[in-house]
Amino acid sequence: MSTPALLITRVEIRRTFRTVRESRTKVAIYAVLALVLAVPTVGVGAFALAAAGEGVAADGIGEAAEEVTTVVTGGVAVGTVGVAVFAAARAVTTVAKLDQPGFLLLSTRVRTAVVGLLLAEIGLFLSWLGVPTMVLAGAFAWGATAPLVVPAALVTLTLVLVAGVSVGFLVGICLRHLLTVYEPIARYRTVLFLTVGAVYFGAIAFGAFDTVVAVLFDRLAGSPLGWPGQLLLAAVPTVDGAVGEGAVAALGSLATAGTVVLLSTRVAAIHWVADPVQSDDDHERSAGRLDGGLSVVLPRRVTAVTATTIRRTKRAPVRLIYVAYPLFGALFFLQQILATGTVPSYVVVLLAVYVVWAAGAAFTLNILGDRGPAMESVLLSTVSGREIVAGTVAAGTLLGLPFALSAPLLAGLASPLGLLETGLLTAGAVAGVCVAPGLATGIGVAFPRFGAVRVTNNRDAVIPSKTAFVLYTAGLLAPILAAVTLYLDNGPEIVAAVLTGVLSVLPAGSVTVTGQAVAVAAGLTIVAGVIAPVLSVRHAASRIDEYRPY
C-alpha cells in the first residue's frame with residue numbers, strides 16, 4: 001500500500017475524531033447513546049449468545065443447522081447492504097467533498113486520494129463496529145469453547161466493510177456529482193434532500209422500513225452477499241460451514257474493492273475538478289419578487305432586512321436544521337396515529353405549540369451572532385436597531401404564518417376536537433407566531449453565539465446558544481401552560497395538589513398550595529407573557545444600537 005494513501009487515511013481519521021472530541025455536545029450525546037442503547041443492547045446480546053454457545057457445545061445444532069445458516073448469511077447480506085447505503089450517504093454529505101481539492105490533487109494522484117479515503121472510511125466503520133463485534137463473538141466463543149469464532153467474526157466484518165464501503169463510496173460520489181454539478185438536478189437538490197428525509201422517516205413511522213429489511217433478508221440470504229457468513233459458521237466446531245463459499249466471498253470482496261477503486265478514480269477525477277452549479281440568476285429574480293411584495297406593507301429599510309434574512313436562509317437552508325430537531329420525536333406520535341386511526345387532541349396542541357416555537361427560534365434567537373462577519377457592515381449602515389429587529393421579526397412571522405394557518409387546522413379537523421376548539425387553537429397559533437419572534441429577540445441579544453458549530457457532517461452554521469434556547473422555550477411555554485391551567489376544569493386545584501405533594505417531601509416541611517394561589521400565579525404569568533415580547537423587542541433594539549464587536 002502506498003505511503004501517501006496511508007497518510008491520507010491517518011489524516012482523515014484524526015480529523016474525524018478531533019471533530020467529535022472538540023464538541024462537548026457530541027461527546028455528551030455519544031456517551032448517553034452508549035449508556036442507554038449500545039451498552040444494554042450489547043450486554044443482553046452477549047448474555048444470550050453465551051447461553052446459545054453453551055447449548056451448541058452441549059447438544060450441537062442438529063436440525064436447526066439450516067435455520068442458523070440462513071440467519072447468519074442473511075444477516076451478513078443485509079449488513080452489507082446497510083453499510084453500502086450508509087457509506088453512500090456519507091460520501092454524498094462528507095467523504096466525497098474535499099476541502100481543497102486543488103491542493104490535494106497537485107500533491108498526489110486521484111487514485112491515491114480515493115484509496116486513502118476508502119481506507120479511512122473502513123477504519124472508521126471498524127472503530128464503531130469492531131468492539132461490539134468482538135464482545136458478541138467472544139461471548140459465543142466462550143460459551144461454545146470455540147476461540148476461532150472471534151477472529152472469524154472480525155474477518156467477516158472486514159469483508160462486509162470492504163465490499164459495502166467501496167460500493168457505497170462509488171454510488172455516493174456519483175450522486176454527489178449529480179446533486180452539485182448536473183444543473184437539472186442540482187437546482188432542486190434541497191427539495192430532493194427534504195423528500196428523501198421525509199421518505200426515510202415516513203418509512204420508519206409507517207413500518208415500511210422493517211418490511212424492506214425482511215424482504216432483503218429473505219432474498220439475499222443465499223446470495224453471494226451472504227457468503228462471508230460461511231467463514232463465521234466454519235469456526236464453530238459443530239457446524240459445517242461452506243469454507244469454499246467463504247473463500248470465494250473473500251476474493252469477491254477484494255475484487256469488488258479493486259474494481260470500485262478504478263471506477264471511483266474516473267468519477268472522482270471528473271467531480272473534484274468540476275465547478276458546482278451556481279443559481280445566481282434564480283436568486284436575483286426571486287429577490288426582486290420578494291422585495292416588491294414586502295415593500296407594500298413594510299418600510300423600505302425593514303423590507304431590506306426582512307428580504308436579506310429570508311434570502312440567506314433560502315440559499316443555505318441547513319442554517320435552520322436545528323429548528324427541525326423536535327420533529328424527530330414526532331415518529332412516536334405518527335405510530336400512535338396509525339395504530340388508533342385518529343389524531344389525538346394533545347398532538348394538535350403540541351403541533352400548534354411547535355409552530356409558534358419554531359417561528360421565534362428560526363431567525364430572532366441570535367440576531368447578533370447570526371450575521372457573523374457582516375455585523376460590522378450592518379452597524380456602520382444607516383439601519384437602526386429597531387429596524388433590524390422589526391425586519392428579523394417580520395421574517396420569522398412570515399415563515400410561521402402559513403404553518404400556523406394550516407397545520408393546527410388540518411390536524412384539528414382530523415382529531416376529536418370540535419370546530420370551535422380547532423378555530424381557537426388555530427387563532428392562538430397565528431397570534432403566537434406574531435408574538436414569539438419578538439420574545440426571542442431580547443433573549444437572543446442577551447445570550448448570543450458568534451462561533452459556528454457543526455450542524456451536519458460537512459456544514460457549519462451559527463446557531464443560537466443553549467442558554468438562549470432554554471430561556472426562550474421556558475418563556476414561551478410558561479404563559480401557554482398557565483392558560484391551559486386556567487382553561488381546564490379544576491386546573492388550578494389539580495396543579496395545587498401536585499405542587500403540595502412535591503413540596504411535602506422537602507426538608508423544610510410541608511407547604512400547602514391552594515388552587516386560588518395557583519390561579520393568581522397563572523394570571524400573572526399570562527400578563528407577563530403579554531408584556532415580555534414588548535420589553536424584549538425594546539431591549540434588543542437598544543442592545544443592537546449600543547453593540548460594538550470589539
Side-chain angles (χ1 to χ4, degrees), residues 322-327 329-330 332-333 343-365 393 396-397 399-412 415-418 420-444 446 464 466-499 502 513 515-537:
Y322 63 89
V323 178
Y325 285 163
L327 293 179
F332 169 77
F333 300 117
V343 180
S345 301
Y346 69 88
V347 172
V348 185
V349 177
L350 290 177
L351 181 60
V353 172
Y354 167 74
V355 171
V356 174
W357 177 87
F363 302 123
T364 52
L365 199 51
V393 168
T397 301
L399 173 71
L401 277 177
F403 297 99
L405 288 169
S406 60
L409 179 61
L410 296 177
S415 72
L417 291 176
L420 178 60
E421 290 84 357
T422 301
L424 291 175
L425 196 59
T426 303
V430 172
V433 299
C434 297
V435 173
L439 175 65
T441 54
I443 299 174
K466 299 182 185 68
T467 304
F469 268 124
V470 172
L471 293 179
Y472 165 67
T473 303
L476 184 67
L477 291 181
I480 294 176
L481 294 177
V484 172
T485 299
L486 296 179
Y487 174 78
L488 294 176
D489 294 334
N490 300 321
E493 287 74 16
I494 296 174
V495 174
V498 173
L499 291 177
V502 172
V513 181
Q516 183 178 4
V518 172
V520 172
L524 293 176
T525 303
I526 294 176
V527 173
V530 174
I531 299 175
V534 178
L535 299 178
S536 180
V537 167

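Computed over heavy atoms, backbone and side chain alike; hydrogens, waters and symmetry mates excluded. All of these numbers come straight from a predicted model, not from anything done at the bench.
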Spacing of [X] atom [atom1] and [Y] atom [atom2] [to the nearest 0.5 Å]:
X	Y	atom1	atom2	result
L410	L405	CG	CG	10.5 Å
T473	L477	OG1	CG	6.5 Å
Y472	I443	OH	CD1	8.0 Å
L535	T441	CG	OG1	10.5 Å
I531	I526	CD1	CD1	12.5 Å

Is there a donor-acceptor contact under 3.5 Å from the side chain of [X] to the main chain of [Y]?
X	Y	answer
S536	G438	yes
Y322	A361	yes
S415	G412	yes

key: Heavy atoms from other residues, nucleotides or ligands near OH of Y487 exceed 12 (cutoff 6.0 Å)   =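 Count not over threshold, so no.
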
request  = Kindly assign one of parallel, tilted or perpendicular to the pair W357 and F469, based on the angle between their ring planes and the thresholds 30° and 60°.
outcome  =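 The rings of W357 and F469 lie parallel, inter-plane angle below 30°.
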
I need the minimum non-hydrogen distance between [X] and [Y], along with the two atoms involved.
X	Y	answer
A411	L351	CB-CD2, 3.8 Å
P437	T397	CG-OG1, 3.9 Å
A324	Y354	CA-OH, 3.8 Å
G400	A359	CA-CB, 4.2 Å
V343	P416	O-CD, 3.1 Å
A352	L425	CB-CG, 4.1 Å

For residues [X] and [Y], determine if any side-chain heavy atom of one lies less than 4.5 Å from a side-chain heavy atom of the other.
X	Y	answer
V484	V349	no
P492	L486	yes
L499	V495	yes

query = With sequence neighbours excluded, what pairs up with T426 under the side-chain hydrogen bond (donor to acceptor under 3.5 Å, both in side chains) test?
reply =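 Partners of T426 under the side-chain hydrogen bond (donor to acceptor under 3.5 Å, both in side chains) test: none.
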
